[in-house]
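All residue numbers in this chain count up from 1 along the given sequence. Since the structure is predicted, the reported quantities are computational estimates derived from the model, not experimental observations.
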Amino acid sequence: KTPGGRPKALLAVDGKKIRTLRGRLSQKAFYPGRKISTDVIQKAERGSATEQTLKIICEIAKKKGQNLIPEDLKID
């Protein structure tokens with residue numbers, strides 16, 4: 001992170017895949033107990049996220065039975 005607490009790099013991600021993964025669940029319901037804010041989730045679903053955010057999303061996807069890696073969510 002930079003001194004202001006901002007992430008070093010935001011990556012272009014496929015927000016539609018992230019929303020599809022969450023389905024009809026609310027953001028809070030899909031990411032229970034995670035150290036990820038709804039603001040960060042909303043940014044990811046709009047198409048920008050840090051590498052760490054993608055790793056968290058992939059961990060949750062794995063627990064839901066989907067095998068994703070961060071590269072699956074990135075847009076080249």
Requested in this report: Under the salt bridge (charged side-chain N to carboxylate O under 4.0 Å, His left out) rule, collect the residues that match up with Lys43, sequence neighbours excluded.
Outcome: Asp39
Query raised in the report: What closest approach, in Å, do Thr53 and Val40 show between heavy atoms, and which atom pair accounts for it?
Result: OG1-CG1, 3.4 Å
Report task. Please name all residues satisfying salt bridge (charged side-chain N to carboxylate O under 4.0 Å, His left out) with Lys62, sequence neighbours left out, ordered by chain then number. Result -> none
Query - side-chain hydrogen bond (donor to acceptor under 3.5 Å, both in side chains) involving Glu51 - partner list, sequence neighbours excluded - result: Lys74
Requested in this report: Would you kindly confirm whether Leu25 and Ile60 end up in one hydrophobic cluster when ILVMFWY residues are joined by side chain heavy atoms under 4.5 Å apart?
Outcome: yes
Query - Sequence neighbours excluded, every pair satisfying salt bridge (charged side-chain N to carboxylate O under 4.0 Å, His left out) that has a member inside residues 15-24 - result: Arg22-Glu45
Requested in this report: Give the intermediate values and the outcome of side-chain contact (heavy atoms from CB on, under 4.5 Å) for residues Leu68 and Leu21.
Outcome: CA-CA 10 Å; Leu68 284 178; Leu21 176 65; 4.1 Å; yes
Query raised in the report: Is there a side-chain contact between Leu73 and Ile57 (heavy atoms, below 4.5 Å)?
Result: yes
Requested in this report: Could you tell me the separation between the CG atom of Asp72 and the CD1 atom of Ile18, rounded to the nearest 0.5 Å?
Outcome: 11.0 Å
Query - side chain to side chain contact (heavy atoms under 4.5 Å, CB included) partners of Ser26, counting only residues at least two apart - result: Lys28, Ala29
Report task. Kindly work out whether a path of hydrophobic side-chain contacts (I/L/V/M/F/W/Y, heavy atoms less than 4.5 Å apart) joins Ile69 to Ile36. Result -> no
Query raised in the report: For the residue pair Ala49 and Ala44, what are the closest heavy atoms and their distance?
Result: CB-CB, 4.0 Å
